[in-house]
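Below is one structure, written out as structure tokens, with a few remarks after it.
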Amino acid sequence: MKWLPTTPWFLVNNLLITCVTEEAFFRGVLLAGLARGMAGRRYGVAVAVVVSTLLFGLAHAAGGPMLVLFATLAGFGYAAAYLRSGRIEGAILTHFALNAVHFVAFTYPALVR
């Protein structure tokens, strides 16, 4: 567990810059748009979830293959939160909760010693 003097600043920025913008784009634009475009087609929503989630994972490629994998897995959770709640806020809060726990309890971002 870590709580640095900059932790509150990091968390606010992570919520407002990272989580809001990523979820607005990947769930609010891509997932919703693809699902609307494939409305009425068999597995249309599932295809929309997979495509938007894979693109979300690939957007994290600069962090390496493990980050792509973990972001993709997390993206499925964010998509589920979006679809279950029917609101973008569900995905944003789920994304923020995971990032906050990862920051405080694990290695995100890595501490420099």
Find out if a path of hydrophobic residues (ILVMFWY) with successive side-chain heavy-atom gaps under 4.5 Å connects [X] to [Y].
{"X": "I88", "Y": "L93", "value": "no"}
{"X": "V12", "Y": "F96", "value": "yes"}
{"X": "V29", "Y": "F56", "value": "yes"}
{"X": "L54", "Y": "V45", "value": "yes"}
{"X": "Y82", "Y": "F76", "value": "yes"}

Working to the nearest 0.5 angstrom, can you tell me the gap between [X] [atom1] and [Y] [atom2]?
{"X": "N14", "Y": "T7", "atom1": "CG", "atom2": "OG1", "result": "11.5 Å"}
{"X": "L16", "Y": "T21", "atom1": "CG", "atom2": "OG1", "result": "9.5 Å"}
{"X": "F10", "Y": "L15", "atom1": "CZ", "atom2": "CG", "result": "11.0 Å"}

Do the non-hydrogen side-chain atoms of [X] and [Y] ever get within less than 4.5 Å of each other?
{"X": "F26", "Y": "Y78", "result": "no"}
{"X": "L83", "Y": "V49", "result": "yes"}
{"X": "F106", "Y": "V101", "result": "yes"}
{"X": "V47", "Y": "V50", "result": "no"}

If you compare all heavy atoms of [X] against all heavy atoms of [Y], which two are closest, and at what distance to 0.1 Å?
{"X": "T53", "Y": "A79", "result": "OG1-CB, 4.1 Å"}
{"X": "H95", "Y": "C19", "result": "CD2-SG, 3.6 Å"}
{"X": "A71", "Y": "G57", "result": "CB-CA, 4.1 Å"}
{"X": "A48", "Y": "A35", "result": "CB-N, 3.6 Å"}
{"X": "S52", "Y": "L34", "result": "N-CD1, 4.4 Å"}

Do any pairs count as a salt bridge (Lys or Arg N to Asp or Glu O under 4.0 Å) and have a residue in [range], sequence neighbours left out, and if so which ones?
{"range": "residues 86-99", "result": "R87-E89"}
{"range": "residues 7-26", "result": "E23-R27"}
{"range": "residues 29-55", "result": "none"}

Original post:
Centre of F103's six-membered ring, under 6.0 Å away, within 45 degrees of the axis: is that where NZ or CZ of K2 sits?
Top reply: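 Cation-pi check for K2 and F103: passes.
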**OP:** Say whether, by atom type as modelled, one donor and one acceptor occur between the side chain of T94 and the main chain of G90 under 3.5 angstrom.
**Re:**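 At least one qualifying donor-acceptor pair exists.
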